[in-house]
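Down below is the structure, laid out as structure tokens.
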Amino acid sequence: MYKIGVLPGDGIGPEVVAQGLRVLEHLAAGHGFRYELIHLPYGSEHYLKTGELLPDEATADLRRLDAIYLGALGDPRIPPGVIERGVLLRLRFELDLYVNLRPIVLYAEHLCPVKDKRPEDVDLIVVRENTEDAYAGVGGFLKQGTRNEVAISEMIYTRDGVERVVRYAFDLARQRGKQRKVTLVDKANAIRAHDLWQRVFAEVGSEYPDITRDHAYVDAAAMWLIKNPEWFDVIVTTNIFGDILTDIGAIVQGGLGIAASGNIHPGRVSMFEPIHGSAPKYAGKNVANPLAAIAAVGMLLDYVGERPAADGLQRSVRRLLESKRIPSLGTDSGLTTSQIGDLVLTTIEEGR
Ligand code: IPM
Ligand code: MN
């Protein structure tokens with residue numbers, strides 16, 4: 001019996017999560033596993049009503065779950081960062097979810113905006129460090145609001161923090177058994193602290209003689225992700241670079257409508273979410289594409305150990321997208337959020 005926390009959050013979050021939960025229910029029946037949902041209210045609406053972001057006792061309770069399924073957070077009525085830092089980043093930090101795992105997979109050729117790229121060319125995974133860097137919140141303001149204002153956000157990297165995520169990437173490359181390659185993406189030619197990443201990468205990598213070590217500076221990596229996505233297998237990178245590169249990756253795989261992610265601490269409660277935001281202007285309109293949220297359910301199932309259900313779902317999403325029954329991955333597909341959910345369920349049924 002899996003205990004799954006559900007945090008639909010803001011904007012289109014609740015709509016896409018509802019479709020993900022339909023798929024979860026369907027897969028549980030088909031594959032014979034059971035789960036209990038624990039509904040979590042946190043997000044903008046809850047904050048506006050109660051002034052509460054994420055109570056201290058919440059993270060303690062969440063630790064006892066097997067996984068958390070999150071929709072999206074962010075609301076234009078609240079200044080930028082309040083909800084993101086107060087809920088999303090806080091969950092990542094307090095649960096120490098040090099890997100942000102973001103697969104970049106092209107399911108069908110016609111979805112790729114890059115000329116002549118086929119599904120076999122776009123099959124990589126980004127391991128984004130998820131607890132440090134400029135996200136750590138070290139810094140502040142001096143003489144705020146004056147001509148002499150100083151604003152500082154430190155890029156923080158710890159030896160342990162770098163080592164564990166780099167090790168995760170090498171293990172993953174081995175487990176994937178594809179190109180058996182890890183590419184470190186950094187900016188060590190300009191940011192001195194990235195020397196730590198280079199040293200740790202070389203040291204840890206030497207324990208994996210079967211895995212090729214590659215390196216790219218982030219600016220070049222941004223270009224190659226578009227021009228030559230086939231060069232990559234596993235990318236390991238810093239929090240901020242991983243954030244940016246995975247939006248590029250998402251568009252190479254067809255758009256934010258399909259890109260899912262896992263915030264992972266191996267062996268502990270981990271959190272799964274689409275990489276897209278709350279898209280407030282589409283909220284409540286039943287037009288958002290739920291495929292990324294559905295793919296996040298697949299990652300969640302894979303994480304808790306329901307491999308056959310996860311693989312089956314991935315195959316169904318691939319077949320559905322290959323069939324071109326969903327003309328585009330954006331809000332212009334002509335299909336509603338729930339119709340896309342229906343199509344996923346039908347495709348799973350057809351594949352049985
Ligand atoms: C993401 C998002 C978040 C991030 C924001 C909402 C803080 O862009 O999950 O990629 O920067 O990590
Ligand atoms: Mn992002």
Side-chain angles (χ1 to χ4, degrees), residues 7-14 16-17 20 42-47 53-54 67-104 124-139 153-157 161 165 185 218 221-222 225 235-265 270-283 288-289 291-293 295-296 299-300 329:
L7 207 169
D10 305 331
I12 59 170
V16 295
V17 159
Y42 311 114
S44 298
E45 218 51 69
H46 182 78
Y47 174 69
L53 287 164
L54 186 70
I68 301 166
Y69 182 38
L70 184 143
L73 290 165
D75 186 303
R77 291 171 295 173
I78 301 169
V82 172
I83 296 290
E84 293 86 339
R85 278 196 303 272
V87 183
L88 178 63
L89 299 182
R90 204 161 145 219
L91 284 168
R92 288 178 182 169
F93 295 166
E94 288 198 13
L95 298 174
D96 199 25
L97 306 173
Y98 65 88
V99 171
N100 196 325
L101 193 62
R102 299 191 156 182
I104 299 171
L124 64 131
I125 190 157
V126 177
V127 176
R128 165 186 174 190
E129 201 289 322
N130 210 28
T131 57
E132 305 191 334
D133 208 345
Y135 281 74
V138 175
S153 289
E154 301 278 11
M155 293 174 118
I156 301 288
Y157 311 104
V165 77
V185 173
V218 65
L225 258 183
I235 289 178
V236 65
T237 192
T238 63
N239 202 342
I240 186 80
F241 292 169
D243 178 45
I244 300 164
L245 288 179
T246 53
D247 266 35
I248 299 179
I251 202 68
V252 173
Q253 68 177 132
L256 287 168
I258 184 67
S261 71
N263 301 267
I264 294 171
H265 185 125
S270 292
M271 182 166 81
F272 299 84
E273 55 171 326
I275 87 165
H276 62 63
S278 56
K281 72 174 176 192
Y282 299 117
N289 182 337
L291 282 175
M299 291 185 78
L300 185 156
L329 294 178

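This one's a predicted model, so the numbers in the text were calculated from it and none came from an experiment. Whatever order the structure lists them in is the order used to number ligands and atoms, beginning at 1.
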Quiz item: So which heavy atom on Gly161 is nearest to which on Glu129, and how close?
Solution: O-CG, 4.2 Å
Practice problem: Heavy atoms only: give me the nearest Asn100-Ser261 pair and the separation to one decimal. | Solution: OD1-CB, 3.6 Å
Quiz item: Is His276 in contact with ligand 1, taking contact as a heavy-atom separation below 4.0 Å?
Solution: no
Practice problem: Closest by any non-hydrogen atom to atom 1 (C) of ligand 1: pick that one out of Glu273, Arg85, Arg102. | Solution: Arg102
Practice problem: Assess the side chains of Tyr47 and Asp75: does a donor N or O sit below 3.5 Å from an acceptor N or O? | Solution: no
Is there a donor-acceptor contact under 3.5 Å from the side chain of [X] to the main chain of [Y]?
X: Tyr98; Y: Glu132; result: no
X: Asn289; Y: Leu291; result: yes
X: Asn130; Y: Leu97; result: yes

For [atom], what's the nearest protein heavy atom and its distance?
atom: atom 10 (O) of ligand 1; result: Asp243 OD1, 2.9 Å
atom: atom 5 (C) of ligand 1; result: Leu88 CD2, 4.3 Å
atom: atom 6 (C) of ligand 1; result: Glu84 CG, 3.8 Å
atom: atom 11 (O) of ligand 1; result: Tyr135 OH, 2.6 Å

Exercise. Run the numbers for me: atoms of ligand 1, each under 4.0 Å from some heavy atom of Arg92, listed by number.
Key: 1 (C), 4 (C), 9 (O), 12 (O)
Quiz prompt | Those atoms of ligand 1 less than 4.0 Å from some heavy atom in Arg128 | solution = 1 (C), 4 (C), 10 (O), 11 (O), 12 (O)
Exercise. Specify which N/O/S atom of Asp243 comes nearest to the Mn ion (ligand 2), by atom name.
Key: OD1
Exercise. Decide salt bridge (charged side-chain N to carboxylate O under 4.0 Å, His left out) for Arg77 and Glu45; before the verdict, give the C-alpha distance in whole Å, the side-chain angles of both, and the deciding distance to 0.1 Å.
Key: CA-CA 10 Å; Arg77 291 171 295 173; Glu45 218 51 69; 3.0 Å; yes
